[in-house]
Amino acid sequence: MMNEKVAAPAIAPKFGPLQGVRVLSCGSVIAGPYAAQLLGEMGAEVIHVERPGVGDMMKAEGRTNGVYPAWAARARNRLSVTLNMKMDNPESKEAFLGLIKQCDIWIENLVWLDKLGITDEMVLEANPKIIIVHVSGFGRPQFGGIPEVCDRPSFDVIGQAYSGFMSIQGEEGKMYPITKPTLNDYHAALFAAMGALAAYIRMKETGKGEVIDMAQFEADAAILGHFIVSYTLSGKLPVRSGNAFTNAPYDLYEVAGGRYVAVGTLGKPLYNRALTALGFSPEEYPFEECGVDPAAMNSPKGKELDAKIRDWMRAHTAEEVEEVCSKGHVPAAAVNTLADVVENEHFRSRNDIITWTDADSGKEITGVNVVPKFQNNPGEVWRGAPSTGMDTDAVLSKLLGYDDAKIAELHEHKIV
């Protein structure tokens, strides 16, 4: 077995600001694995571990034209390894801790980690410099909380509900909406990736690893920000107002052809610019009387202005509204469908829509490029989503130093 750490990348190509970083990803679906994918798109070498014979739950939705859409979009730039993660098996334990020694960051969202026999102490003993990122629905009791709650299973919708995030969405008297696409999962992934990088930077200075606890519900609670501050100051829950904002014009407006355009203003100068651009007089409809807050917006004059703006919108196409607002430096955008997005000239000219080969199906697919953009060390999509375990032998050989006989034995014992 390999004792020396193999420099990264050993299998993936060199690119991006995170080249030289190796990430071990253990888990399924979105929150944990997507955090690792974000790092992989920035150049980190990501090894994703799946259960032998099971694979990732993201494939459960089935194939579309031969491709698993969610897997194809959310598993690119991964090396896929299958491994039995139960530490009561010596071969499993040796392989897992061998991977830990070869990695800088370990991101996991395994269910009931302790039942596998894996502890932070075990991992840090194997690699004292590693950054451990735990992603779960309710957090780990080592970081506080009620143990029984920490032990609850969770999915995105649970995090949206428990965090309070769902409670401010939609309109009063109507069912709370579930915000798509599984927004709590992606919020948690972004926080997890940020935490991993912050800890890695610190580790480079101190030589000491770190343990991070990312609870899904806390990601959405953090985003609530001023809503919670406002409640604790006033004791009043916010009124669910749907798309309505606290000033006008700030809404979705129906335009000619049945499309919709979003227009947003904030503050008096922008309000005045918007009215002038649309052909209305700020003197006739002063900000203080018509747009400063919900009371002004719902005054007789505010309602009159709103009706006139909506009539004006319905008389113009989406393109015309965008052009008028652009010339007046007023924020506005048509609501694009996915069909609009993939053909949009601005998206295309920024190289935001790209094609790559899905390694699992072998088919060419189209999707969104890496975000954000880097001038000197850009991220890239170097490979599509892998088939389950397609890199197992290569990782065991190049990183752990296993020979063909050892690898064959692990396959025979169904360890990999």
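A side-chain donor-acceptor contact under 3.5 Å links Gln169 to the backbone of Phe165. Remark: side-chain polar atoms of Ser136 are paired, donor with acceptor, to backbone N or O of Gly139 under 3.5 angstrom. Panel note: side chain Glu322, backbone Ala334; a donor-acceptor pair is recorded below 3.5 Å. Side-chain atoms of Asp306 do not come within 3.5 Å of backbone N or O of Lys303 as any donor-acceptor pair. A distance-only check finds a donor-acceptor pair linking the side chain of Glu172 to the backbone of Arg240 [under 3.5 Å]. Panel note: side chain Ser28, backbone Met57; a donor-acceptor pair is recorded below 3.5 Å. Remark: the backbone N or O of His226 is not paired with any side-chain donor or acceptor of Ser230 at under 3.5 angstrom. A donor-acceptor pair is defined here as one N or O able to donate and one able to accept, closer than 3.5 Å; no such pair exists between the side chain of Thr357 and the backbone of Gly362. A side-chain donor-acceptor contact under 3.5 Å links Trp71 to the backbone of Pro386. Using a distance-only test at 3.5 Å, with no hydrogens or angles considered, no donor-acceptor pair links the side chain of Arg310 to the main chain of Glu254.
Side-chain contact between Leu399 and Ile47: present, with at least one pair of heavy atoms (C-beta onward) separated by less than 4.5 Å. When side chains are defined from C-beta on, Leu410 counts as touching Leu396, because their heavy atoms get closer than 4.5 Å. Contact annotation: the side chain of Val261 never approaches that of Leu252 to less than 4.5 Å [non-hydrogen atoms, C-beta and beyond]. No side-chain heavy atom of Glu125 sits under 4.5 Å from any side-chain heavy atom of Met122. Using a 4.5 Å heavy-atom threshold, the side chains of Val342 and Asn344 count as separate. At least one side-chain heavy atom of Asn336 sits under 4.5 Å from a side-chain heavy atom of Arg259. Residues Val29 and Thr182 are not in side-chain contact: their nearest non-hydrogen atoms beyond the backbone lie 4.5 Å or more apart. Counting only heavy atoms from C-beta outward, the side chains of Lys14 and Pro9 approach each other to under 4.5 Å.
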Apply side chain to side chain contact (heavy atoms under 4.5 Å, CB included) to Asn77 and Val46, showing your working. CA-CA 7 Å; Asn77 284 17; Val46 175; over 6 Å; no
For Cys26 and His48: C-alpha separation, side-chain torsions, deciding distance, then whether side chain to side chain contact (heavy atoms under 4.5 Å, CB included) applies. CA-CA 6 Å; Cys26 298; His48 182 65; over 6 Å; no
Derivation of the ring pair (Phe, Tyr, Trp, His ring centres under 6.0 Å) call for Tyr260 and Tyr253: CA-CA 5 Å; Tyr260 288 83; Tyr253 297 90; 9.5 Å; no
Show the numbers, then the answer: is there a side chain to side chain contact (heavy atoms under 4.5 Å, CB included) between Ile107 and Met214? CA-CA 10 Å; Ile107 302 175; Met214 184 65 246; over 6 Å; no
With side chain to side chain contact (heavy atoms under 4.5 Å, CB included) as the test, would you mind laying out the steps for Val123 and Phe96 before giving the verdict? CA-CA 9 Å; Val123 171; Phe96 171 69; 4.2 Å; yes
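A side-chain N or O of Asp156 and one of Gln160 form a donor-acceptor pair less than 3.5 Å apart. Side-chain atoms of Glu304 and Tyr285 include a donor-acceptor pair closer than 3.5 Å. A side-chain N or O of Lys59 and one of Thr388 form a donor-acceptor pair less than 3.5 Å apart. No side-chain N or O of Ser80 forms a donor-acceptor pair with one of Asp391 less than 3.5 Å apart. In the model, Gln216 has a side-chain atom that pairs as donor or acceptor with a side-chain atom of Asp185 under 3.5 Å. Remark: the His187 side chain and the Asp220 side chain contain an N/O donor-acceptor pair separated by less than 3.5 Å.
With rounding to the nearest 0.5 Å, the separation of OH in Tyr34 from CG in Leu39 is 11.0 Å. Glu91 CD to His413 NE2: the interatomic distance, rounded to the nearest 0.5 Å, is 5.5 Å. To the nearest 0.5 angstrom, Ile100 atom CD1 is 11.5 Å from Ile105 atom CD1. To the nearest 0.5 Å, atoms CD (Gln37) and CD1 (Ile30) are separated by 10.5 Å. Note: Gln102 CD to Leu99 CG = 8.0 Å, rounded to the nearest 0.5 Å. Between the OH atom of Tyr250 and the CG atom of Leu270 there is a distance of 10.0 Å, given to the nearest 0.5 Å.
Take Pro153 and apply the side-chain contact (heavy atoms from CB on, under 4.5 Å) test, not counting sequence neighbours, and it matches no residue. Taking the side-chain contact (heavy atoms from CB on, under 4.5 Å) definition, one finds that Asn109 meets it with Pro33, Val135, sequence neighbours left out.
The pair Asp114-Arg140 meets the salt-bridge criterion, since a charged nitrogen lies less than 4.0 angstrom from a carboxylate oxygen. Using a 4.0 Å cut-off between a side-chain N of Lys or Arg and a carboxylate O of Asp or Glu, Asp352 and Lys373 qualify as a salt bridge. Taking a cutoff of 4.0 Å between a charged side-chain nitrogen and a carboxylate oxygen, Glu171 and Lys174 qualify as a salt bridge. Using a 4.0 Å cut-off between a side-chain N of Lys or Arg and a carboxylate O of Asp or Glu, Asp56 and Arg51 do not qualify as a salt bridge. Under 4.0 Å is where a charged nitrogen must lie from a carboxylate oxygen, and between Asp358 and Arg383 no such pair does. Taking the charged nitrogens against the carboxylate oxygens, Asp311 and Arg314 do have a contact shorter than 4.0 Å, which makes a salt bridge. Between Glu45 and Arg78, no side-chain nitrogen of the basic residue sits less than 4.0 Å from a carboxylate oxygen of the acidic one, so the salt-bridge criterion is not met. Taking a cutoff of 4.0 Å between a charged side-chain nitrogen and a carboxylate oxygen, Lys398 and Asp393 do not qualify as a salt bridge.
Judged as a side chain to side chain donor-acceptor pair (under 3.5 Å), the pairs with a partner in residues 286-300 (not counting sequence neighbours) are, in order, Lys268-Glu288.
Taking the six-membered ring where tryptophan is involved, the planes of Trp106 and His134 are perpendicular, since the angle between them exceeds 60° and thus also 30°.
Of the residues listed (Phe155, Phe143, Tyr162), the one engaging Phe138 in a ring pair (Phe, Tyr, Trp, His ring centres under 6.0 Å) is Tyr162, and it is the only one.
Arg76 forms a cation-pi arrangement with Trp356, by the criterion of a distance under 6.0 Å to the ring centre and an angle within 45° of the ring axis.
The two residues Tyr68 and Asp360 make their nearest non-hydrogen contact at CD1-OD2, 3.5 Å.
Under a cut-off of 6.0 angstrom, the local environment of OH in Tyr231 is sparse, with at most 12 non-hydrogen atoms contributed by other residues, nucleotides or ligands.
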